[in-house]
There are 2 protein chains.
Amino acid sequence: MTVTIYDVAREAGVSMATVSRVVNNNPNVKPQTRKKVFEAIERLGYRPNAVARGLASKKTTTVGVVIPDISNSIFSEVARGIEDIANMYHYNIILCNADKRKEKEIRVVNTLLEKQVDGLLFMGGTVTDEHLQAFQSATVPIVLCGTTDEKQTMPSVDIDHEKAAYDAVKMLIDNGHREIGMISGTLQDLSNGYSRYAGYKKALEQAGIPLREEYVRIGNYRYESGMEVMRYFLELPNRPTAIFSATDEMAIGAIHAIQDQGLRVPDDISIISVDNIRMASMVRPQLTTVAQPMYDIGAVSMRLLTKLMNKETVDMTRVVLPHELIRRKSVAAKA
Amino acid sequence: MTVTIYDVAREAGVSMATVSRVVNNNPNVKPQTRKKVFEAIERLGYRPNAVARGLASKKTTTVGVVIPDISNSIFSEVARGIEDIANMYHYNIILCNADKRKEKEIRVVNTLLEKQVDGLLFMGGTVTDEHLQAFQSATVPIVLCGTTDEKQTMPSVDIDHEKAAYDAVKMLIDNGHREIGMISGTLQDLSNGYSRYAGYKKALEQAGIPLREEYVRIGNYRYESGMEVMRYFLELPNRPTAIFSATDEMAIGAIHAIQDQGLRVPDDISIISVDNIRMASMVRPQLTTVAQPMYDIGAVSMRLLTKLMNKETVDMTRVVLPHELIRRKSVAAKA
DNA sequence: CTGTTAGCGCCTTCAG
DNA sequence: CTGAAGGCGCTAACAG
């Protein structure tokens, strides 16, 4: 039925080993023999069985990727970075959505490991001890991608979320704002939630601006959530003159909530956030934001993983990528 | 080093066959024995090797997905639909970006087949004879997802692009517009390009509106491209009163091009398109568009694939999903 | 440069 | 209900 390496060997009048060699580009084959083998392969329409190869060689040339949600543009851009580099090094990607749910995350890590992936890229919510335990049961390298574990024990690639948030809020302050509201993510979420809130807090402190409880509200990262929180701010007796949103999507929701009230951004209220999703430059006014290099986070973490899989010695096993303030049109000096 | 089924057998005092049975949930095992085996598994931290299993059973419980670009929100939503259903049936997904480039598409199809996927989902540009040839060399089922082959020979799941476009343009006409410009995709692209153009043409014809060459321009599906084409329309001596864009992203570009000129949508110019990406409801005015059920296209095609892989007999091997006109704020009656 | 020979870890008849 | 034995298709020493 299916043609195997054995069939090719017989057809070419050589041994299986020789066929294996030419298929794997082993130089130790006489050009003439190589040619014979190739012809036999062609004639028979032979296609190497990667599963058998994986079993014999203990390498599958595939890496597992656990991702919160591929339909979310932030992650899908990271995924593209991962895939491009993986491709470049001849790896394939098994992709699993885990929705930042711990049980699911751990479950897919295990099935990925069962599939004998050569390495694992983990993008998720908070990394708990249970995660760490699952990771430790692996014999292949794992790198965190867009997250970190609190104890800083795993290889990882991420930005400095706190600093990114700090820079954003600092810009607002430098523009004369002192009533600065924040649309935050849940503080349970270390990177997008807690760290960005911490950056906000720090910037205020450093400017001697007291933190006001009523100026901080938690959203769920979605557009609608940004609108809701903004409506709340708008009804405050002394509403903020500027808003820092933990993510672009909520910021865009906020912009529209403001505009829907007949107010203007940035004339009446300034807005800044973190992420720089594509949409940020597709709204009016275009959103000023701190860019997080999504594609690079994916690409760099995949590159790091290849090194680890190759057992190369790598000095920087925890890389922090730079962020960048993108000045567009949603921030103005306080009137 | 790694613990195998053999180790578990020894530890539990049974044969490999028995361990295999309990791992695979075969009912023919005495509960007591089953318990013993589970304990041994636990004690040893045994993790089944899916590669070995795949080789022996000739099933990998993974399916290949070739996709144009995972970072494009249209496709990433389809991908999410695929993954959810795959997950439900205990399949994993190997994801490959192919950028609608024929060579790359064919190459990844082959490597996916080498990896012994149990089935393949193909999302791509035009399906050529070379594609068909690659598909035919497969012994596993393949379904086209969001595309079709001209000869209608492959299983597929898609919408009726021509009808979707027709419905969109019809709405413009019903609103009294007769000067209708189109921002098209390349006519080489069967589904998003040619078919949508065909729908536009048909709607005009049916309304007795002559097709004007200067009212059709080709874009590349991106935001900027929509802006550019719109700027061109705006400078026409008798500019269109309504625009049909082949995709939402270009439509949004067009809206902003119009607004940047100080004109208003839909008061001065109406806009409609096809897709219904998330952003469509996040711009002002919110975009009226014909919704393409991205998630469902993915989910349904994956479901179809499971049936095919199961060798179930399926009557409808070519499914056309319904589209739906979403009336929002970017279309108004002609002044 | 090429062939022989063991496995890789598991499933799957076939007996018992 | 359980065990024995033969592969699945390929790689990797080890000889020659």
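To find a chain, count down the sequence lines: A is the first, B the second, and so on, and within it residues start at 1.
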Legend entry - nucleotides 4-13 of chain C: protein proximity per nucleotide (B base, S sugar-phosphate only, - neither; heavy atom, under 4.0 Å): B--BBBBBB-
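Between the side chains of B:Asp69 and B:Ser71, at least one donor-acceptor pair of N or O atoms lies under 3.5 Å. In summary, the side chains of A:Asp158 and A:His161 do present a donor paired with an acceptor at a separation below 3.5 Å, with no hydrogens or angles considered.
As a whole-Å value, the separation of B:Asn28 CG from C:dA15 C1' is 15 Å. For the pair B:Leu113 CG and D:dG9 P, the interatomic distance rounds to 15 Å; values are reported in whole Å. We find that CZ of A:Arg10 is positioned 14 Å from C1' of D:dG9, with the value rounded to whole Å.
B:Arg10 places no side-chain N or O within donor-acceptor distance of the main-chain N or O of B:Ser15, the cut-off being under 3.5 Å.
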Inset, instruction - Any chance you could lay out the side-chain contact (heavy atoms from CB on, under 4.5 Å) test for B:Ile67 and B:Phe122, step after step, and finish with the verdict? - result: CA-CA 7 Å; B:Ile67 200 171; B:Phe122 184 86; over 6 Å; no
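Every residue two or more places apart in sequence or in another chain that forms a side-chain contact (heavy atoms from CB on, under 4.5 Å) with A:Pro155 is listed here: A:Val143, A:Leu304, A:Leu308, A:Thr317.
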